[in-house]
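Quick notes on the structure that follows.
Residue numbers start from 1 in every chain, and the chains themselves are labelled A, B, ... in the order their sequence lines are given, proteins ahead of strands.
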Amino acid sequence: MAFKIYNTMSRSKEELLPSDGKHVRMYTCGPTVYNYAHIGNYRAYMFEDLLRRYIKFCGFGVTQVQNLTDVDDKTIRSSIEQGLPLKDFTKKYIDAFFVDLAKLNIEPAEHYPAATDFIPEMIAIIKTLFEKGYAYQSDDGSVYYSIDKFEGYGKLARLDREGMRSGARVDQDEYDKDNAADFALWKAYVPEDGDVVWDSPWGKGRPGWHIECSAMSMKLLGDSFDIHTGGVDNIFPHHEDEIAQSEAATGKIYSKYWMHCGYLIVDGKKMSKSLGNFYTLREILEMGYTGREVRYELLSSHYRQSLNFAFKSLDSNRSALKRLDEFYTTIQEVAGTGSKVGDLPEWASGTRDQFAGAMDDDMNISGAMAAIFDAVHAGNKAMLEAPLTPPQARAITNLWAELDTVLGLLISKEEEVPAEVSELLKARTSARDAKDWAESDRIRDALAEQGWTVKDTPEGPKLRKL
RNA sequence: GGUGCGGUAGCCAAGCGGUUAGGCAGUGGAUUGCAAAUCCAUCUAGAUCGGUUCGACUCCGAUCCGCACCUCCA
């Protein structure tokens, strides 16, 4: 089996082969910390989470870098509005970001570099670009990258260099630049920047946006690394410009694979802060949804497909997760505390291959989830015929644990049954033994108020969290 | 205008040149003191028009519609 991923650079699926054969180095574009990230942003981080988890499932090691953009127009403007030093302002949103990642059960990356901690590295790259003739300084003091000097410019986005001249949004007034599409490496200081300023060989100022990713990725992963990811809106200009400046500076291939995820759509439009049609994770959690339900939502569509966000599907995810929980709880009850592992029952013997086969194909999550639900259905059916042995059940819980290293939503945390609730259950059992159905139903309602539902099974009553 | 993605049943969403994807919801039944869960059965597909083929949801062409990117963007 081979894990194939869609490489935006080649526009085709390619087998993932890390350059050292065993350890994948990946750079994933992270948040700009001027506000709470919305769930459209988390769609990208969720895709990256699935990717790193499946890479590990395939037996590779992973080093993931996710940057924090803590200096740009928006962070500067907002921090000044709030009268806070930039670092104090961004800290609030950086902290919130990590809280959200935990709620969504997104595995932490190995590195979370902040742009403001890598200014010397950025300046070093710009210096090199000057030496090699790719950079120039304009009259206003800003430093630009000359895209005409880089032969491969446009190779990722497959730009029509001629067509760009008549591009819809090229600002004709940008006469400081040699070519309207040249981008800033270093922005000269303007009063609006307040005290956000660094010294450089080209005067006071601050870095351009694209240079931060080049500096941090190459510093932490090397001049050439394996995978670079982001949303499709990053293909151009951000990633195109990163390639231009990095490859011009080093003369090496910057990233071997480029992967991009589709958008989160709300009411037929891309969710974005500028359109104002966004939800933050904390808003959704306040509405009573769980991080796990949101995780299921963000995960369960193929990453390159746009994902239509609707509360209705969050509700249906709750039902689907209940079905998974019901199954897993049943299996776990049979497995008990025994550690002896038996063979998988016939109905689960192909599940792992079916799951991996789907995931190998550019992370076909729909196929992978179908493998899970096929097993649940076949298992429920088989258990009506013949009970599992504890070692068989243990084999299944082990399989589930393995698959959940990828999905991160199969196994929910055990709920402790409060003493009060187990007292109620006892009282109800007595009532039922006495065939006092009215009392039994009254207690069942009382349990529901506590958030628990009771099921009467041949093995006795069972409690489930609502 | 350039470039790219898509249109699959009530909703969400896959693979596949011929054989039930899957999830949610609905209906009928089994089961249950009643439920819940589960099982069984069942309803609703492939934007439109052509072409290739023994056979097309799948390949090709055209048309229509939607979304995105073309220097804020995950």
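Look at NZ on A/Lys270: it is 11 Å from P on B/rC72, rounded to the nearest Å. Between A/Tyr263 atom OH and B/rG6 atom P the separation is 15 Å, expressed in whole Å. The interatomic distance linking A/Ile235 (CD1) with B/rG2 (P) rounds to 19 Å, in whole Å. Going from atom CE of A/Met369 over to atom P of B/rC12 covers 18 Å, rounded to whole Å. When rounded to the nearest whole Å, the span between CE of A/Met9 and P of B/rG4 equals 16 Å. In this structure, CZ of A/Phe311 is placed 16 Å from C1' of B/rC11, rounded to the nearest angstrom.
Comparing B/rG1 with B/rU58, their P atoms sit 27 Å apart, to the nearest whole Å. Comparing B/rC67 with B/rG29, their P atoms are spaced 45 Å from each other, to the whole Å. Taking atom C1' on both B/rA35 and B/rA30, the two are 15 Å apart, rounded to the nearest angstrom. Taking the P atom of each, B/rA68 and B/rC60 are spaced 26 Å apart, rounded to whole Å. Using atom C1' as the reference point in both B/rC59 and B/rU20, the two lie 24 Å apart (nearest Å). Of the P atoms belonging to B/rC16 and B/rA21, the separation is 14 Å, rounded to the nearest Å. The separation of B/rA47 from B/rG7, taken at their C1' atoms, amounts to 6 Å, rounded to a whole angstrom. Spacing between B/rC57 and B/rG6 at atom C1', rounded to whole Å, works out to 15 Å.
Across all strands shown, B/rU20 forms no Watson-Crick or G-U wobble pair with both key distances under 3.5 Å. In a base pair of the Watson-Crick type (N1 to N3 plus N6-O4 or O6-N4) or a G-U wobble (N1-O2 and O6-N3), with each distance short of 3.5 Å, B/rC49 is matched with B/rG61. With both pairing distances under 3.5 Å, B/rA68 is matched to B/rU3 as a Watson-Crick or G-U wobble pair. Across the strands present, B/rG28 finds its partner in B/rC40; the criterion is a Watson-Crick or G-U wobble pair with both atom distances under 3.5 angstrom.
Residue-level contact check: A/Gly40 touches the bases, meaning some heavy atom is under 4.0 Å from a base atom. Among the protein residues, A/Ser316 comes within range of the sugar-phosphate backbone only, with heavy atoms under 4.0 Å from sugar or phosphate atoms but none that close to a base. Counting non-hydrogen atoms under 4.0 angstrom, A/His302 reaches the backbone sugars and phosphates but no base. Using a 4.0 Å heavy-atom cutoff across all strands shown, A/Ile365 reaches no nucleic acid atom at all. Contacts of A/Glu48 with the nucleic acid, taken as non-hydrogen atoms under 4.0 Å apart, are absent. A/Lys273 comes within 4.0 angstrom of nothing in the nucleic acid, heavy atoms only. Residue A/Met271 is classed as a base contact, given a heavy-atom separation below 4.0 Å to a base. Among the atoms of the strands shown, base atoms are found under 4.0 Å from some heavy atom of A/Ser274.
Considering only side-chain N and O atoms, A/Lys312 lies nowhere under 4.0 angstrom from the phosphate OP1 or OP2 of B/rG10. Between A/Ser319 and the phosphate of B/rA25, there is a side-chain N or O to OP1/OP2 separation shorter than 4.0 Å.
Comparing A/Tyr6 and A/Glu297 by the nucleotide of RNA chain B whose heavy atom lies nearest to each, the residue mapping closer to the 5' end is A/Tyr6. In this structure, A/Ser301 and A/Ala157 both approach RNA chain B, and ranking their closest nucleotides by distance from the 5' end singles out A/Ala157.
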Test side chain to side chain donor-acceptor pair (under 3.5 Å) on A/Asp362 and A/Tyr303 and set out the steps. CA-CA 9 Å; A/Asp362 194 32; A/Tyr303 73 91; 2.5 Å; yes
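Side-chain proximity of A/Phe373 to the nucleotides B/rA13, B/rC70, B/rG23 is greatest for B/rG23. With B/rG4, B/rA14, B/rA68 as the choices, the nucleotide that has an atom nearest any side-chain atom of A/Arg11 turns out to be B/rG4.
Distance check, rounded to the nearest 0.5 Å: CG of A/Leu299 to CG of A/Leu407 gives 6.5 Å.
Ring centroid separation for the pair A/Phe183 and A/Tyr144 does not come in under the 6.0 Å cut-off. Taking the six-membered ring for Trp and the full ring otherwise, A/Phe97 and A/Tyr45 have centroids separated by under 6.0 Å.
A salt bridge links A/Asp73 with A/Arg206: the closest approach of a Lys/Arg side-chain nitrogen to an acidic carboxylate oxygen falls below 4.0 angstrom.
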Taking protein heavy atoms under 4.0 Å as touching, what does nucleotides 32-41 of chain B look like 5' to 3' if B marks base contact, S marks sugar-phosphate-only contact and - marks none? -BBBBSSSS-
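A salt bridge (charged side-chain N to carboxylate O under 4.0 Å, His left out) with A/Glu326 is found for exactly one of A/Lys465, A/Lys462, A/Lys455, namely A/Lys455. The only member of A/Tyr257, A/Tyr54, A/Phe57 that meets ring-ring contact (aromatic ring centres under 6.0 Å, His included) when paired with A/Phe3 is A/Tyr54.
A/Asn7 places a side-chain N or O within donor-acceptor distance of the main-chain N or O of A/Lys256, the cut-off being under 3.5 Å. Of the possible polar contacts, one joining the A/Asp70 side chain to the A/Thr116 backbone as a donor-acceptor pair under 3.5 Å is found.
Figure legend: A/Lys149 and A/Tyr136 shown without cation-pi pairing, the cationic atom not lying both under 6.0 angstrom from the six-membered ring centre and within 45 degrees of its axis.
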